[in-house]
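Throughout, a chain's letter reflects where its sequence line sits, starting with A, and its residues are numbered from 1.
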2 protein chains.
Amino acid sequence: MAVRRSALQSGPSKGGDTAPTSTRGAAREQVDRAVRSGLLTGRFIPGKAVTLRGLAAELGVSPMPVREVLQRLAAENALEVKPNGRVQVPDMTPARYQEVLKARLLLEPELATLALPHLTSKDAKRLKAVDDDIDQCILSGDAESYMRLNHTFHFHIYRASGSEVLLPLIDSLWLQFAPFMRTVYGRVGTVSLDDRHKEAIRAIELQNEDALRSAIAADINDGMGLLGKELLAVQGKT
Amino acid sequence: MAVRRSALQSGPSKGGDTAPTSTRGAAREQVDRAVRSGLLTGRFIPGKAVTLRGLAAELGVSPMPVREVLQRLAAENALEVKPNGRVQVPDMTPARYQEVLKARLLLEPELATLALPHLTSKDAKRLKAVDDDIDQCILSGDAESYMRLNHTFHFHIYRASGSEVLLPLIDSLWLQFAPFMRTVYGRVGTVSLDDRHKEAIRAIELQNEDALRSAIAADINDGMGLLGKELLAVQGKT
DNA sequence: TCAGGTATTTTGTGATCACAAAATGACACG
DNA sequence: CGTGTCATTTTGTGATCACAAAATACCTGA
């Protein structure tokens, strides 16, 4: 069987992958990684149907592991199974958008607070490096790298909490709004993007709980507030 | 093939099932309903492995739809796939418990508040009926019915919000703590159970936002606070 | 040129098969 | 009687097949 190469296969391998990629569930993990990464960086477009055999051929595996991964992601509301069985990236609606925003504001500042005691100056240094790259992506207009790095920034903080419950919930939220954000960046560009990452880093250095909570909340509000207006504009003209 | 009957098949069909149970994805939906119901009512014990072929035979279907459902539930953290591929109900830990409690307190009062404008006196009447049944279950010690009705009570409120984002998150949380709660009820019984359902109903009748929020939060704290101590006791002696 | 209907292809679903890893059990040896 | 080893069984995984529904393409007729 000819294994076709595609953009999905050359996914950026996250730094600290702990998975040994053993023979057990290797195919499924490969597919899972590819699709998740694709969703978070916006390589899947909302409304675009994703076919089982298509993805399978693209990744050089049988449709079987793809089916399982798609079911998983559908369970996380990252994908939507339509009544006829077709799977697609859900379209964003104003109501959904407001709910995601609310959920993020409820959960993410809280988890950041839980993570704070586990964050060292080494983490702050790492975050600063990531944030520098982010700034560069904003200037150069590299939306895909921006999204990946922004995800890295936030989840480096959240992951430090060692959370097993809140973190997966937030993971689900990001998978839901990321594909939509990508379409907005394609519309308005990245130059108008602003974040509160530096405030967050400073709060971590000072181990200031309230400051970190505020920085994360403000970062979410800034990022999604801007885009909320854009969404309504899109809704009006579509 | 002999279709063996089991406790799983006679799952209590929830009142307002909108699914037409057509031929499309019928098997998967049947399995999903059975396993979800089983988790929420505590018919699956934490730590107990659930085998693919076993469940398939029990439900009279091939292992295929079972695989997909198990993957879905694993994605919602309702089940745990161990490194060797075995699937089991996750064990509860003190850390997990604290996180679930925190997440519930963050999300559920908020969603109840969102739902309040959509809740009518008809809903209050329905909730009152459910709550009466709950009281009876507590007195009679019917833990399984209690858990099912308590879920019905809460989600009747939450579902009225029309939420597409917060509701699935809360769904995931309930699937995570329900099996553990069942084991605790088996240990301490149901007589000591207390809830704030009547306060919540009254808040709905009065359309009092703050009162409803407080009632839900108090209900969660009451229910899980008691059990938290029990968990620690179990941890100590195991 | 365009609408309507049919035929072809594509798609998801469920079942079965082959295989390797893991769990389980039996059994011989100390 | 306990313990280590080996054979058997069970389990999850991935692939392939058969089938029905849906989507798409095509073509005919006005």
*asked:* Counting distance alone, no hydrogens or angles: does the base of C/dG14 have a donor or acceptor under 3.5 Å from a partner atom on the side chain of B/R67?
replied: no
*Provide, to the nearest angstrom, the distance between the CD atom belonging to B/E68 and the P atom belonging to C/dT13.*
6 Å
*What is the distance from CG of B/L59 to P of C/dG14, rounded to the nearest Å?*
13 Å
*Among A/L111, A/D171, A/N150, which residue meets the side-chain contact (heavy atoms from CB on, under 4.5 Å) test with A/F155?*
A/D171
*Would you kindly give the CZ-to-P distance between B/R24 and C/dT13, to the nearest whole Å?*
6 Å
*Name the nucleic acid region contacted by B/V81, choosing base, sugar-phosphate or nothing; use a 4.0 angstrom heavy-atom cut-off, strictly under.*
nothing
*Send over the distance from A/R86 CZ to C/dT11 P, rounded to a whole Å.*
7 Å
_Given C/dA18, D/dT16, C/dG14, the nucleotide with the shortest approach to the side chain of A/P63_ = D/dT16
_Criterion side-chain contact (heavy atoms from CB on, under 4.5 Å) against A/L40, the qualifying member of A/H151, A/R182, A/R148_ = A/H151
*Among C/dT11, D/dT13, D/dA23, which nucleotide sits nearest the side chain of A/R53?*
C/dT11
_Pair A/R36 + A/E29, salt bridge at N-O below 4.0 Å_ = no
*In whole angstrom, what separates B/E29's CD from C/dG12's P?*
18 Å
*Does the ring center of B/Y185 lie less than 6.0 Å from the ring center of B/Y146?*
yes
_N/O (side chain, B/S62) to phosphate O (OP1/OP2, C/dA15) under 4.0 Å_ = yes
*Counting heavy atoms from C-beta on, name the nucleotide in D/dT13, D/dA23, C/dG14 closest to the side chain of B/Q71.*
D/dT13
*Please assess B/D142 against B/T190 for the test side chain to side chain contact (heavy atoms under 4.5 Å, CB included), listing each intermediate value before the final yes or no.*
CA-CA 8 Å; B/D142 184 349; B/T190 60; over 6 Å; no
_Does A/V50 reach a base, just sugar-phosphate, or nothing at all? Heavy atoms under 4.0 Å._
sugar-phosphate
*Take the protein atom NZ of B/K82 and the nucleotide atom C1' of C/dA23, then report the distance between them rounded to whole Å.*
13 Å
*Counting side-chain heavy atoms from C-beta on, which of D/dG14, C/dG12, D/dA23 comes nearest to A/N84?*
D/dA23
*asked:* How many whole angstroms separate atom CG of B/L70 from atom C1' of D/dG14?
replied: 17 Å
*Per B/P65 side chain, nearest of listed nucleotides C/dG14, D/dT13, D/dA21*: C/dG14
_d(CD, A/Q30; P, D/dG14) in whole Å_ = 10 Å
_Options C/dT13, D/dT11, D/dA15, nucleotide nearest the side-chain atoms of A/L52_ = C/dT13
